[in-house]
There are 2 protein chains.
Amino acid sequence: MIPPVNPSISVDCVIFGFDGKDLMVLLIDFTRSQTAEGKIVEKSSRKLPGSLILENEEIDVAANRTLVELTGLNQVYLRQFGVFSDPRRINSEEDLQWIEKAYGVKVSRIVTITYYALVKIDKSILQPTSEGEVQWHRVQDIRSLAFDHKHILVKALEVLTQQLLNEPIAFELLQKRFSIRQLQNLYEAILGFEIDNRNFRKKVLKLPFLKQLEEKEKEVAHKPARLYKFDKAAYEKEVKRSRLQLNFIRFF
Amino acid sequence: MIPPVNPSISVDCVIFGFDGKDLMVLLIDFTRSQTAEGKIVEKSSRKLPGSLILENEEIDVAANRTLVELTGLNQVYLRQFGVFSDPRRINSEEDLQWIEKAYGVKVSRIVTITYYALVKIDKSILQPTSEGEVQWHRVQDIRSLAFDHKHILVKALEVLTQQLLNEPIAFELLQKRFSIRQLQNLYEAILGFEIDNRNFRKKVLKLPFLKQLEEKEKEVAHKPARLYKFDKAAYEKEVKRSRLQLNFIRFF
DNA sequence: ACAAAAGTGTTCTCGGTACACCCATGC
DNA sequence: GCATGGGTGTACCGAGAACACTTTTGT
């Protein structure tokens, strides 16, 4: 038996990855066709992965379900960042019909709760979906998306940037072991400006939760970089220890 | 004609005020009674102001509507900060019946989008509601609330604290004209620790959006304090001007 | 030996912190 | 004149910013 779906609440996930150079996002290609007035209307575009929620399902769980179905990854960083509720956010007849067909329920207005996920690209194994093909796209190349998904993406990027400056989430996008340069590249890609390498190293090497490993890069045609890992336990400990200070009041 | 209500989505508002000494929150007293198995069950408690949303109503608008109905205040600071979606968050029969009676619709599971508002206490004129009496309460005195509202309040406080450290929202809680000491009291009340007065003054007086006024306090039995106001336009300008720097990466 | 990226140190400036006394007013 | 809270300055320290050359590896 199919569990009942709530026809007015959905989740949409902005799934970010990092390929060493650019910030990437996972999108689904899909095509809607509608027969209206004897003519067949076809529209092709891309959308963010998402799903209506089940009755009796917590929203976080729905977001995680969407993520697992798509990437095969469980236990990844997932953060709720917004609610999109414009009554006209799904405004075309063929879009509504496509959703009704996909879920087998009558829908009208849908409020969506949005999440962004941070995944290690190399670990993700993209699963085929009934909606359409799933692919990674460079964020900077994306021009338009279906529904109000472009709008959602823009908001996700804003929140991601803020988050990156205040919490150690960069490590969720990198492989377990990484070089300082890779970390810097990630910051530069997301923040959109260059950072002085010496100052960056000085700053991050002082962090108590960045652990140097014995291993080095191999088979590279230059001096091999030292590898590091993120020690989550050390981070949690440090956060608890640190007291709030005046220092923390910063308005810009 | 009553506009149709969406029975599965609501907003709840945590309305904060500051009385010069303590952080306050606006709560509604309400009583549910239910006749079950011949017995009358009565429960009295307090709840956050909230409302089911209307179909065709944006969530932000619903939150604002709730706020206006209650305080008579429009155009106050209002910020969405969470979504509470545990399918069992409204778990008692009398709570469900009370909601159904209040809105005249059949409800089962409700997902709530939560907002916090910052208001100037002296400007608010509490409106009587059909739900029950509305009153300001000191945040630190609150022991328990109906539904999962205590949980919501705790989350609101966390977000408020973070916000206070990163954005100039303190001024939303103070009167238009205020003294540095009042501002400091507000920070101390919310952050929960004492701040050195000389250092605090030095810090805030350097802010380009804090404008000194000619007026001073009057009729106080001590040296009258200078008054200041928050210049929003100057703040916006400053934010645009300031560039992101490495400086901004702070993990604790 | 050369190409390519890793890694390293110093000086300057600014902002945070700790800390104790005089000032203006009402009564 | 005294009680009350407002308002002020200095010395120390740590972190960010600017800036250019040497090191290690593969080919």
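Just so you know, these numbers come straight off a predicted model, no measurement behind them. Side chains are part of it too, since the values below use all heavy atoms of this structure and drop only hydrogens, waters and symmetry mates. Just so it is clear: chains get the letters A, B, ... in the order the sequence lines come, proteins before strands, and each one is counted from 1.
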Given side chains that start at C-beta, do those of Val83(A) and Val111(A) come closer than 4.5 Å, heavy atoms only? yes

Could you tell me whether the side chain of Leu186(A) reaches within less than 4.5 Å of the side chain of Leu174(A), counting heavy atoms only? yes

Rounded to whole angstroms, how far apart are [atom1] on [X] and [atom2] on [N]?
X: Lys218(A); N: dG26(D); atom1: NZ; atom2: P; answer: 11 Å
X: Phe193(A); N: dA18(D); atom1: CZ; atom2: P; answer: 11 Å
X: Phe178(B); N: dG6(D); atom1: CZ; atom2: C1'; answer: 16 Å
X: Leu183(B); N: dG6(D); atom1: CG; atom2: P; answer: 13 Å
X: Phe200(B); N: dC19(C); atom1: CZ; atom2: C1'; answer: 18 Å
X: Gln182(B); N: dG5(D); atom1: CD; atom2: P; answer: 13 Å
X: Ile195(A); N: dG16(D); atom1: CD1; atom2: C1'; answer: 13 Å
X: Glu188(B); N: dG5(D); atom1: CD; atom2: P; answer: 14 Å

What are the two closest heavy atoms between Asp12(A) and Arg89(A), and how far apart are they? OD2-NH2, 3.7 Å

Between Asn197(A) and His222(A), the residue closer to the 5' end of DNA chain D by nearest nucleotide is Asn197(A)

Between protein and nucleotides 9-14 of chain C, what N or O pairs are separated by less than 3.5 Å?
unit_1: dT10(C); atom_1: O4; unit_2: Lys202(A); atom_2: NZ; d: 2.9

Could you please spell out the steps behind the ring pair (Phe, Tyr, Trp, His ring centres under 6.0 Å) verdict for Phe147(B) and Phe84(B)? CA-CA 11 Å; Phe147(B) 313 119; Phe84(B) 291 77; over 10 Å; no

What's the closest nucleotide to the Arg201(B) side chain, out of dA24(C), dG15(C), dG7(D)? dG7(D)

Choosing from dT25(C), dG16(C), dG5(D), which nucleotide comes nearest the side chain of Lys203(B)? dG16(C)

Name the orientation class of the two ring planes belonging to Phe230(B) and Tyr235(B) (parallel below 30°, tilted from 30 to 60°, perpendicular beyond 60°). tilted

Contact nearer the 5' end of DNA chain C, comparing Ala225(A) with Glu219(B): Ala225(A)

Expected list for residues 16-27 of chain B: side-chain donor-acceptor pairs under 3.5 angstrom, two or more places apart:
unit_1: Asp19(B); atom_1: OD1; unit_2: Lys21(B); atom_2: N; d: 2.8
unit_1: Asp19(B); atom_1: OD1; unit_2: Asp22(B); atom_2: N; d: 2.6

Does the Lys120(A) side chain pair with the main chain of Phe171(A), one donor and one acceptor, at a distance under 3.5 Å? yes

